[in-house]
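What follows is a short report on a single structure.
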Amino acid sequence: MSTDPVAARHLDRHAWVDGRLVRALGPVLAVEDRGFQLGDGVFETIRVHGARPLELGLHAERLAASCRALEIPLADGMEERVRRAIAELIAADGLDDPDDELSVRVTVTRGPVEGRGLLPPLEARPTIAVQAWRVAPVGREVLERGLHVSIASVRRDPQNPLATVKTTSRAEFVFARLEARRRGADDAIFLTTDGRLAEATSASLFLVRAGLLSTPSLDCGILVGTTREWILRWADRVGLRRREALLSPDDLFAADEAFLASSVAGVVPVTRVDGRPVGDGRPGPWTMRAREDREAFARSGEG
Ligand SMILES: Cc1ncc(COP(=O)(O)O)c(C=O)c1O
């Protein structure tokens, strides 16, 4: 048994798997699970603030759409099941402080299958797993310095029917993060096969130039981000002109401001791209206002 308190905490954590609370690091899944063997599964990452999941309905809808894309049969009532699973994890692991910020991951794989091969049988018994981690909010240093990003060498193909599906097959995303780290960057930005801006490895991308908010159009093979949709509605509310468009890396280099947006991290400024400053190299005012407003929304319990 480890005496390292951090390791001990990890060993103690629970996961919710197919309706049961189990030790997160215990022997839980069958080796034959196609999620493990083939990345044959889908997932969602949800922010939970003060025990309240943010925009759970939107995540449940996107999870169902991902399952349909891969023909993984998903029982009805997932939103309620996930809500209960989150409540059980919060109770089991003492994550119920009103200020607790959690990242909750819901994974659905096609489940265990006997035999080999890519083509799944028509009958499947999906595995559903829910995990919760306490996360620290994005730190002040990061908000003051902004993220440094690098353009990934992996390209996204907008014609690929899976480009917009949140599958557990993330090897290209892992590759992009490793490449970014080798280059001294915090994250990577994907381009499409025809050289347009797409998205970051786990966040949507936004630019601001001369009072116009731009984000890559859904034709760029990107995820329909829940935070992306919120930011577009927010822009309308605060009177910021906005467009969804085909954007090039030059648009990013010419922007006054750039930021990433995702459920758990919220809005995070981007201040350098491949070593070149965005705007004056500091987080911009629209970015910080978007961050504050999104945080206020997340804490309000309205989502
Ligand atoms: C590739 C990718 N794009 C965008 C996002 C942002 O989506 P959301 O705002 O729904 O968290 C994510 C989130 O994990 C992602 O993985």
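Positions are given from 1 along the sequence. Any value given below was found using the heavy atoms of this structure, including those in side chains, with hydrogens, waters and symmetry copies removed. Both counts, for ligands and for their atoms, begin at 1 and track the order of listing.
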Hey, does the side chain of T215 reach the backbone of L205 with a donor-acceptor pair shorter than 3.5 angstrom? yes

Checking heavy atoms under 4.0 Å, the part of T201 that sits near ligand 1 is backbone

Task: Any side-chain donor near an acceptor of the partner, R243 and S214, under 3.5 Å - done: yes

task = Compute whether any side-chain donor of one residue and acceptor of the other, for E257 and T287, lie under 3.5 angstrom apart.
result = yes

task = State, without any angle test, whether R228 and T226 hold a side-chain donor-acceptor pair at a distance under 3.5 Å.
result = no

Heavy-atom check, side chain of V22 versus side chain of H14, under 4.5 Å = no

So the atoms of ligand 1 within less than 4.0 Å of a heavy atom of F173 turn out to be 1 (C)

heavy-atom search around atom 2 (C) of ligand 1 in the protein gives E199 OE1, 3.5 Å

task: Compute whether any side-chain donor of one residue and acceptor of the other, for E179 and S150, lie under 3.5 angstrom apart.
output: no

Ranking G225, A198, A203 by closest non-hydrogen atom to atom 4 (C) of ligand 1, top hit is A203

Next item on the list: Consider ligand 1: state whether an atom of it lies below 4.0 angstrom from any non-hydrogen atom of R62.
Entry: yes

among protein heavy atoms, the one nearest atom 11 (O) of ligand 1 is S263 OG, 2.6 Å

Between H59 and ligand 1, does any nitrogen or oxygen pair lie at a separation below 3.5 Å?
no

Open item on the list: Which label fits F297 and W230: parallel for a plane angle under 30°, tilted from 30 to 60°, or perpendicular past 60°?
Closed with: tilted

Within-cut-off N or O pair, T227 and ligand 1, under 3.5 Å
yes

Checking heavy-atom distances from atom 15 (C) of ligand 1 to each of S262, S204, S202, G266, the winner is S202

Nearest non-hydrogen protein atom to atom 16 (O) of ligand 1, with distance, is K166 NZ, 3.1 Å

Handout entry: salt_bridge(E44, R62) N-O dist < 4.0 Å
Key = yes

request  = Give yes if a backbone or side-chain nitrogen or oxygen of R228 is under 3.5 Å from a nitrogen or oxygen of ligand 1, and no if not.
outcome  = no

Under 4.0 Å between heavy atoms, the region of L223 that gets near ligand 1 turns out to be side chain

